[in-house]
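Some notes on the structure that comes next.
Labels below follow one simple rule: chain letters A, B, ... track the order of the sequence lines, proteins then strands, and each chain is numbered from 1. Bear in mind the structure is a predicted one, so any value in this text is a computation, not a measurement.
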There are 2 protein chains.
Amino acid sequence: MTSDATQPTTAFCQHDHNHCIDSAMAQARHLCQQRGVRLTPIRQRVLELVWQSHQPLGAYTLLGLLAEEGFNSAPPTIYRALEFLQHEGLIHKLASINAFTGCCNPGTPHEGHFFLCLSCHQALEIDTSTLQHSLQNSAGKHGFSIAQQTIEITGCCAQCQSKQNTENHG
Amino acid sequence: MTSDATQPTTAFCQHDHNHCIDSAMAQARHLCQQRGVRLTPIRQRVLELVWQSHQPLGAYTLLGLLAEEGFNSAPPTIYRALEFLQHEGLIHKLASINAFTGCCNPGTPHEGHFFLCLSCHQALEIDTSTLQHSLQNSAGKHGFSIAQQTIEITGCCAQCQSKQNTENHG
DNA sequence: TGACAAGGGTTATAACGTAACATAACATCA
DNA sequence: TGATGTTATGTTACGTTATAACCCTTGTCA
Ligand SMILES: [Zn+2]
Ligand SMILES: [Zn+2]
Ligand SMILES: [Zn+2]
Ligand SMILES: [Zn+2]
């Protein structure tokens, strides 16, 4: 048997992405039911589309995908769905690239902080708990009260680096 | 005499902002001359307009101000100037609010990291050197090679907090 | 003085996002 | 059931942010 349990389920790693999708959709259904909010067909489909890979997608890209499937394709449709999903903590917006990506841990409310690979365009949601201390420290020095954090680090992921090395030296 | 030397010259503090402007323009002229690039009238005026306060301004706001002064007012005018100023490290773009602000230390190339006050809309460029260790640590764990960092922390500055307290309790 | 590059003018369009109002679907209760 | 209020969606129009493409002027220099 394959040891699925040991596979990472994140960006920048080979993994069973269907597991990401299934897990995300199951959590979404569960959370929405628990909160008494409606994961309508449009909202559910948008969430699935966002989760189609770990590459964040723009609102109009998503809108185009919706349109292909016969859904309404006016801008408010997608922005309303995205607003709902963001509000429920099921997706994050990446301000630096105007795109949206699924949240890996929607159960606990939090802001998304990311590594973004410029080569494969995937986003990895990272844990910034060790940053938070120095950030709060800096805020304290200035008497600044933190509300929201946009932390988006671009660069090149390990996979893409090794690919590039292979190309150059092989 | 007043002790100007002890005054902070940053956002979120009362200070002689003319000093900010004069210093920024002097540095800009110096750096451009040193590098053999041209701080043309449009570019210079855009930089002055960006520096008119510590509140970041949008491209079209700046374009409107240019237009009022008889400059050309088509979008490429402002985007070209902003691109030049960014490239020379004289301004930073704030991705989370699509706005531009002057760089406080253009001599040493760096990325801008900011506290943004939601109340007075000023931006304070902060030192994130203490963050960098944990960020590089996190990147190292994932084999991620960092290229560029978008770090924009919104909240409420000390001045605005004390104003709000005065309003509520006074 | 002709090649060339940099800067800027002009027009058009792409990309991203929202306001405002009408209608449909759903829930609730007399 | 039917009235009523709420939530979700449809629809049109517009606002905001950013870039592509083309051309002309100006300065530089062999
Ligand atoms: Zn996955
Ligand atoms: Zn990659
Ligand atoms: Zn100042
Ligand atoms: Zn403030």
Discussion item. Holding to side-chain contact (heavy atoms from CB on, under 4.5 Å), I want the full list of residues that pass it with B/A24, two or more places apart in sequence or in another chain.
Written reply: B/W51

Fill in: salt bridge (Lys or Arg N to Asp or Glu O under 4.0 Å) contacts in which one or both residues fall within residues 95-109 of chain A, not counting sequence neighbours
none

Worksheet item: Does B/N98 have any side chain to side chain donor-acceptor pair (under 3.5 Å) partners at least two apart in sequence or in another chain, and if so, which?
Response: none

Worksheet entry | Non-neighbouring partners of B/E69 that pass side chain to side chain donor-acceptor pair (under 3.5 Å), sequence neighbours left out | B/R45

Worksheet entry | A/H121/A/H54 aromatic ring centres below 6.0 Å | no

Worksheet, complete the sentence: The answer to which of B/T40 and A/F100 contacts DNA chain C further toward the 5' end, by nearest nucleotide, is B/T40

Worksheet item: Taking atom C1' of D/dT17 as reference, at what distance in whole Å does atom OH of B/Y60 sit?
Response: 6 Å

Discussion item. Using a 4.0 Å cut-off to any heavy atom of chain A, which nucleotides of DNA chain C are the first and last in contact, reading 5' to 3'?
Written reply: C/dC16 to C/dC26

Item to complete: With sequence neighbours excluded, give me every salt bridge (Lys or Arg N to Asp or Glu O under 4.0 Å) pair touching residues 133-149 of chain B.
Response: none

Worksheet item: With sequence neighbours left out, what residues match A/T130 under side-chain contact (heavy atoms from CB on, under 4.5 Å)?
Response: B/S134

Item to complete: Please identify each residue that fulfils side-chain contact (heavy atoms from CB on, under 4.5 Å) with B/A74, with sequence neighbours left out.
Response: B/N72, B/P76

Discussion item. Near DNA chain D, counting only heavy atoms under 4.0 Å, which residues of residues 67-84 of chain B show up?
Written reply: B/P75, B/P76, B/Y79, B/R80

Practice prompt. Do nucleotides 25-30 of chain D as a string where each nucleotide becomes B, S or -: B if the base has a protein heavy atom under 4.0 Å, S if just the sugar-phosphate does, - if no protein is that close.
Written response: ------

Discussion item. What is the distance, to the nearest angstrom, from the CG atom on B/L57 to the C1' atom on D/dT17?
Written reply: 15 Å

Give the table of side-chain donor-acceptor pairs shorter than 3.5 Å for residues 144-152 of chain A, with sequence neighbours excluded, one pair per line with atom names and distance.
residue: A/Q149; atom: OE1; partner: A/H113; partner atom: NE2; Å: 3.4
residue: A/Q149; atom: OE1; partner: A/Q132; partner atom: NE2; Å: 3.0
residue: A/Q149; atom: NE2; partner: A/Q132; partner atom: OE1; Å: 2.8
residue: A/E152; atom: OE1; partner: A/A95; partner atom: N; Å: 3.4
residue: A/E152; atom: OE1; partner: A/S96; partner atom: N; Å: 2.8
residue: A/E152; atom: OE1; partner: A/S96; partner atom: OG; Å: 2.5
residue: A/E152; atom: OE2; partner: A/A95; partner atom: N; Å: 2.9

Worksheet entry | With A/E125 via side chain to side chain donor-acceptor pair (under 3.5 Å) - residues at least two apart | A/H92, A/H110

